[in-house]
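Convention: sequence-line order gives letters A, B, ...; per-chain numbering from 1. Here the structure is a predicted model, which is why all the values come from computation and not from measurement.
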There are 2 protein chains.
Amino acid sequence: MKDVYQQIAFEKLRDAGLKITKPRQMIVDFLASSDTALSPYEVQNLLQKKGIKSDVVTIYRVFEVLENLSLVHKVLAFNGYIRCHTEELKSLEEICHHYLLCKSCKRVEEVEGEDLTNLEKKIEKNYGFKIRSHYLEFMGVCKNCKKKKGQA
Amino acid sequence: MKDVYQQIAFEKLRDAGLKITKPRQMIVDFLASSDTALSPYEVQNLLQKKGIKSDVVTIYRVFEVLENLSLVHKVLAFNGYIRCHTEELKSLEEICHHYLLCKSCKRVEEVEGEDLTNLEKKIEKNYGFKIRSHYLEFMGVCKNCKKKKGQA
DNA sequence: GTGTATGCAAATGTTTTGCACGTCC
DNA sequence: GGACGTGCAAAACATTTGCATACAC
């Protein structure tokens, strides 16, 4: 799963005529295995822990590139980026992002199988509004954290 | 409509034992008549244009207060605050915020009559996730701006 | 070798904190 | 008069820009 993401990411970078550099490799790596949204500074810390020094500026720029290639999606409420799901990566359609954000552990879960196409169509019709993308972020408490709280 | 918002805002402030100060009055006033999300610095500029000098710090703090009283809602994608709708102000329930954000004119429209209660219930059941609040922001182009583009 | 990407420096912008003073009730 | 709110100063934090160097291809 993790490897698939990396593979697709490198492919997309190459296809766009961009280079596969160390920072880009590392960041794709972190994204592939993280289930929280990563901010540039968090990525920098992760890199530091691996003994790698990298400037936040670079990380900002890498995220920008990855976002343009639809490899990551910004999670507004957490001010960070999360990898797009593998199935979505291959789709050419406008992508639906629905996230469950746990206030407690900061984990980001993706809601699958629900799509808002009908709602969007209705809105486009009723409001004359052309939808380009959307953010749907549910803030709350995840399964695991509910359990922990219950035990405590 | 504008007056109703102000009235409710002052009422809520009083009920919470908070004071109705000049900055709070002014900010409520701007919010009441604005159909875009206002950032603290934008509010400061608006105040300046009226010949009133006010510190951004104060504005940040006023927004914090208003948010706690459910008088404003943060629009993440625009990094600003928009007034809550009058009907919602009286509701004690968790509030649903669905916004249409126009990339072009920055206007924020509220989607009415659609609620995600069913989707939320399904998510809570399927994912064991307790939803506290959500952000649903559709980015796109509004009716007016589509028209303008068409003419140009 | 060439052109893109990175790192560094620094500017710019945003948000938060502490404290003294002002003002609303 | 007393408590809460504001303004100021400054710190902390986040983001962007320009330019020289390094590195992927």
Side-chain angles (χ1 to χ4, degrees), chain A residues 6-7 9-31 36-48 50-69 71-72 74-82 106, chain B residues 6 9-31 36-48 50-69 71-82 106:
Chain A
Q6 293 175 325
Q7 210 177 304
F10 294 163
E11 210 174 291
K12 282 201 177 192
L13 283 166
R14 261 190 296 269
D15 287 355
L18 300 167
K19 294 173 182 167
I20 316 272
T21 61
K22 281 270 158 56
R24 284 176 183 170
Q25 275 180 43
M26 293 304 298
I27 292 170
V28 164
D29 203 55
F30 284 133
L31 286 165
T36 61
L38 297 173
S39 75
Y41 282 91
E42 281 166 347
V43 169
Q44 195 182 36
N45 287 336
L46 289 171
L47 284 166
Q48 219 150 36
K50 290 210 168 195
I52 299 159
K53 209 181 105 191
S54 194
D55 201 291
V56 263
V57 180
T58 301
I59 301 167
Y60 272 98
R61 292 193 270 226
V62 172
F63 275 133
E64 200 189 336
V65 166
L66 298 180
E67 193 171 28
N68 289 337
L69 296 176
L71 285 162
V72 295
K74 194 167 193 182
V75 176
L76 297 176
F78 283 164
N79 192 29
Y81 293 85
I82 190 121
K106 305 287 176 195
Chain B
Q6 293 174 325
F10 294 164
E11 210 173 290
K12 282 201 176 190
L13 283 166
R14 260 190 296 268
D15 288 354
L18 300 167
K19 292 173 184 169
I20 316 272
T21 62
K22 282 270 158 56
R24 285 176 183 170
Q25 275 180 45
M26 294 302 299
I27 292 171
V28 164
D29 204 56
F30 285 132
L31 286 165
T36 62
L38 298 173
S39 74
Y41 282 92
E42 281 167 347
V43 169
Q44 195 182 34
N45 286 337
L46 290 171
L47 284 166
Q48 217 150 38
K50 289 211 167 194
I52 299 161
K53 209 182 103 192
S54 194
D55 201 291
V56 263
V57 179
T58 301
I59 301 167
Y60 272 98
R61 292 194 270 228
V62 172
F63 275 134
E64 200 189 335
V65 166
L66 297 180
E67 194 172 28
N68 289 336
L69 296 175
L71 284 162
V72 295
H73 186 251
K74 193 164 194 182
V75 176
L76 296 176
F78 283 165
N79 192 28
Y81 293 85
I82 189 120
K106 306 288 174 191

Which distance, rounded to the nearest 0.5 Å, do you find between the [atom1] of [X] and the [atom2] of [Y]?
| X | Y | atom1 | atom2 | value |
| --- | --- | --- | --- | --- |
| B/Leu66 | B/Leu13 | CG | CG | 6.5 Å |
| A/Glu11 | A/Leu69 | CD | CG | 12.0 Å |
| B/Thr58 | B/Arg61 | OG1 | CZ | 5.5 Å |
| A/Ile59 | A/Glu42 | CD1 | CD | 11.0 Å |

Checklist outcome for this item: So the contacted stretch of DNA chain D, first to last nucleotide with an atom under 4.0 Å from a non-hydrogen atom of chain A, runs from D/dA14 to D/dC25
Next on the checklist: Could you report the tightest heavy-atom contact between A/Ala37 and A/Gly80, atom names first, then the distance?
Outcome noted: CB-C, 3.9 Å
Checklist entry - Nearest heavy-atom pair of A/Phe63 and A/Ser39: which atoms, and what distance? => result CE1-C, 4.2 Å
Checklist outcome for this item: Whole-Å distance, A/Glu64 CD to C/dA5 P, equals 11 Å
Checklist entry - Is the backbone of B/Ser54 close enough, under 3.5 Å, to the side chain of B/Gln44 for a donor and an acceptor to pair up by distance? => result yes
With 3.5 Å as the limit, what N/O pairs link the protein to nucleotides 15-19 of chain C?
unit_1 : atom_1 : unit_2  : atom_2 : d
C/dT15 : OP1    : B/Asn79 : OD1    : 3.3
C/dT15 : OP2    : B/Tyr60 : OH     : 2.1
C/dT15 : O5'    : B/Tyr60 : OH     : 2.9

Next on the checklist: Could you check whether atom CD of B/Glu67 has more than 12 heavy atoms from other residues, nucleotides or ligands sitting under 6.0 Å from it?
Outcome noted: yes
Item to check | Heavy-atom check, side chain of B/Val43 versus side chain of B/Tyr81, under 4.5 Å | outcome: no
Please tabulate, for the side chains in residues 15-31 of chain B, all donor-acceptor contacts under 3.5 angstrom to protein atoms that are two or more places apart in sequence or on a different chain.
unit_1  : atom_1 : unit_2  : atom_2 : d
B/Arg24 : NH1    : B/Lys19 : O      : 2.9
B/Asp29 : OD1    : B/Gln6  : NE2    : 2.3

Checklist entry - Listed by chain and number, what are the side-chain contact (heavy atoms from CB on, under 4.5 Å) partners of B/Gln48, not counting sequence neighbours? => result B/Asn45
Checklist outcome for this item: By nearest-heavy-atom nucleotide on DNA chain D, the more 5' of B/Ser54 and B/Gly17 is B/Gly17
Next on the checklist: Angle between the two end axes of the helix from C/dG1-D/dC25 to C/dC25-D/dG1, five base pairs per end, rounded to 10 degrees?
Outcome noted: 40°
Item to check | Trace of the side chain to side chain contact (heavy atoms under 4.5 Å, CB included) decision for A/Lys74 with A/Ile82 | outcome: CA-CA 6 Å; A/Lys74 194 167 193 182; A/Ile82 190 121; over 6 Å; no
What pairs of nitrogen or oxygen atoms, one from the protein and one from nucleotides 22-25 of chain C, lie under 3.5 Å apart?
unit_1 : atom_1 : unit_2  : atom_2 : d
C/dC24 : O2     : B/Lys19 : NZ     : 3.2
C/dC25 : OP1    : B/Ile20 : N      : 3.2

